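One-based numbering, in listed order, for ligands and for the atoms of each. Keep in mind that the numbers below use all heavy atoms, side chains included, and drop hydrogens, waters and symmetry copies. Since this is a predicted model, take the numbers as computed values, not measurements.
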Amino acid sequence: SQKISNQKISTQNDVSLKNSLLKEIDFYLVTDSGLSKKGTLSDVKESVEAGCKIIQYREKDKSTKEMIDEASEIKRICGDRAIFLVNDRIDVALAVDADGVHIGQDDMPIETARKLLGADKIIGLTVHNVDEAVEAEKKGADYVGLGSIFDTSTKKDAGKGIGPARIREVKNAIKVPVVAIGGINKENCRSVVENGADSLVAISAVVCSDDVKKETREFIDIIKEIKNSS
Ligand code: 3NM
């Protein structure tokens, strides 16, 4: 597979390339400064060094100025090695020229986000079921985040886990990549990948550990191994 660096440039205005680029990702890191042991910047650095190819900056407790400073630092760390998305805050994504955003069902409507960001940027949308996933694809989402797969305490309003079988239902209904999120750890991630997830997010399982680099590496190895054997 081509290096992310070449593809990041050639994704411009090409939906199918964006799609194949996103499908290549195994492990997807979402930051959480509240849970992090060593801080968001350290987590991003270690995870990217371990081979993580996509970072989502998710920050709920900092000022806009602090977020812009941190986001530009994350963008620098990602460089050509990883895609850099900002959760929810289209303004922050635009301010630092991130690769795109990840938004939820109650955030800015996807059509509005697309108008502000343009065709080149990646937009991911959180969905919980087949109907929302089909709708997300129709409205131009480049990927969907499906959750919460298992129960989790990381996101207070995540609701009960929908179970990994839902991943297969959603995969069968849409063409854009499906990113699984919520309560995923190294023990239960097998069922997530076997049910067709293109990639998966683990927040607490990675940022609460003493060695983010090692945890990321292990997730990537496990996911690759399962994908290659199925
Ligand atoms: N979104 P952990 S669950 C940020 O269901 C987020 O949409 C979710 O953290 C959703 O890996 C979640 O620690 C938290 O469970 C995921």
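- The distance from ligand 1 to the heavy atoms of S204 drops below 4.0 Å at these ligand atoms: 2 (P), 11 (O), 13 (O).
- Checked for salt-bridge contact, D142 and K18 meet the test: a charged N lies under 4.0 Å from a carboxylate O.
- Within ligand 1, the atoms closer than 4.0 Å to a non-hydrogen atom of T154 are 2 (P), 9 (O), 13 (O), 14 (C), 15 (O), numbered from 1 in the order shown.
- Contact annotation for R58 and ligand 1: only side-chain heavy atoms (C-beta onward) come within less than 4.0 Å of the ligand.
- Using modelled atom types, one finds a donor on one side chain and an acceptor on the other under 3.5 Å when comparing S63 with E66.
- Set against the non-hydrogen atoms of G147, the atoms of ligand 1 under 4.0 Å away are 5 (O).
- The ligand atoms of ligand 1 that sit less than 4.0 angstrom from a heavy atom of S148 are 5 (O).
- Here the NZ-CG distance, from K139 to L125, works out to 8.5 Å after rounding to the nearest 0.5 Å.
- Near A202, meaning under 4.0 Å from one of its heavy atoms, ligand 1 places the atoms 11 (O).
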Trace of the side chain to side chain contact (heavy atoms under 4.5 Å, CB included) decision for I222 with K186: CA-CA 8 Å; I222 297 169; K186 280 186 289 185; 3.8 Å; yes
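- The ligand atoms of ligand 1 that sit less than 4.0 angstrom from a heavy atom of T126 are 7 (O).
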Test side chain to side chain contact (heavy atoms under 4.5 Å, CB included) applied to V101 and K121, step by step: CA-CA 8 Å; V101 295; K121 299 295 185 187; over 6 Å; no
